[in-house]
Number of protein chains: 2
Amino acid sequence: MDSDHDSPFGYDAFRRTCPSHTVLEMLASKWVYLVVCALRKGRLRNGELARKLEGITPKMLAQTLRVLERDGLVRREVFPVIPPRVEYELTELGQNLGGLLTQIRAWAEQHAPVIKDARARAIAVSEGDWAA
Amino acid sequence: MDSDHDSPFGYDAFRRTCPSHTVLEMLASKWVYLVVCALRKGRLRNGELARKLEGITPKMLAQTLRVLERDGLVRREVFPVIPPRVEYELTELGQNLGGLLTQIRAWAEQHAPVIKDARARAIAVSEGDWAA
DNA sequence: CGGCATCCCAGTCGATACTG
DNA sequence: CAGTATCGACTGGGATGCCG
């Protein structure tokens, strides 16, 4: 046992070539976070998502959804009507992940003030280098 | 209460201008994930981190650590000796986050096989358009 | 309305080499 | 050993326009 870390699944995200590493890369996107969180409370249409995720461009939204669909986290349903109607919802796997990501989001919202202060202090210090 | 989502802290990560949104952006990095996870079991030297995080370059490691330090998640301690010795450890806040990120990493490792299959299937389908 | 294609800038990352 | 500087490749991601 020369691996000093506690991965009980035989996969090791610290290794570049491990599949779990690429999964982590996929998750390391703020839009993935937000889309999954947004879909957590139920299926949404493309436009609803676009409105909910302030600042997302159609391109990024589509791109993010395609990735999530590809990885089996989101299911896409197309209604053959005019005007077109497309709905997205989390799969079982996506729901599962959504629980965790929502915790991260909650953590971010909860600690945002402290971190904002820390950043302000860091800037103040770096600007105070004149005290050298 | 026209906000339809459940943020009990007055911060809303869905809003571009909300501080929690920038916190989420900071967290949306695979190296942040891995560095925090790596430091979770105790303080480590720069070189130890570099060896543990396969594939990270000195530049990215330093950059990531600087961000984490700036945001108050990591504490940096310098020993004035030759050769230089620098150690990093999680702050209280960092420990707190580390718990969550470790869950994400565990999730990634746990579901890597399924997602790998989903990706393979997605590729197979897209290449199988000839079946139209 | 949903979403794909194109163009293009700008930030980011990796590789390498260098300094204290 | 820790960290920085430089450069080049890459791509994330914004804007626009067109199609079903």
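Here is the naming used below: chain letters follow the sequence lines, and residue numbers restart at 1 for every chain. Below, all heavy atoms of this structure are taken into account, side chains as well, without hydrogens, waters or symmetry copies.
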Quiz item: For the side chain of A:D71 and the backbone of A:L73, is there at least one donor-acceptor N/O pair under 3.5 Å apart?
Solution: no

With respect to the phosphate group of [N], does any side-chain polar atom (N or O) of [X] fall under 4.0 Å of OP1 or OP2?
X	N	value
B:W31	C:dG14	yes
B:R45	D:dA2	yes
A:T57	D:dG14	yes
A:R76	C:dG3	yes

Quiz item: Which heavy atom of B:E109 sits nearest a heavy atom of A:A13, and at what distance?
Solution: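 The pair with the smallest heavy-atom distance is OE2-N, 2.8 Å.
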
Exercise. Considering non-hydrogen atoms only, spot the tightest contact between B:C18 and B:Y11 and give its length.
Key: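 Nearest pair, atom of B:C18 first, then B:Y11: SG-CD2, 3.4 Å.
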
Exercise. Measure the spacing between CD1 of A:I56 and CG of A:L61 and express it to the nearest 0.5 Å.
Key: 4.5 Å

Practice problem: For B:Y88, report the nucleic acid contact type (base, sugar-phosphate, nothing); a contact means any heavy atom under 4.0 Å. | Solution: sugar-phosphate

Quiz item: Starting at the 5' end of DNA chain C and moving along, which residue's nearest nucleotide shows up first, A:P83 or A:P58?
Solution: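 It is A:P83 whose nearest nucleotide is closer to the 5' end.
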
Self-check item: Closest-nucleotide 5' rank along DNA chain C - winner of A:R66 and A:P84
Solution: A:P84

Rounded interatomic separation in angstrom, taking [atom1] from [X] and [atom2] from [N]:
X	N	atom1	atom2	result
B:E25	C:dT12	CD	P	10 Å
A:Q63	C:dG2	CD	P	18 Å
A:K59	C:dC7	NZ	C1'	9 Å
B:K30	C:dC13	NZ	P	10 Å
B:L34	C:dC13	CG	C1'	15 Å
A:E69	C:dC4	CD	C1'	15 Å
A:M60	C:dC4	CE	C1'	15 Å
A:M26	D:dT11	CE	P	18 Å

Quiz item: Which of the following nucleotides, C:dG3, C:dG14, D:dA2, is nearest to the side chain of B:V86?
Solution: D:dA2

Exercise. Going by the side chain to side chain contact (heavy atoms under 4.5 Å, CB included) test, name the single residue among A:V36, A:L39, A:V67, A:V32 that passes it with A:V74.
Key: A:L39

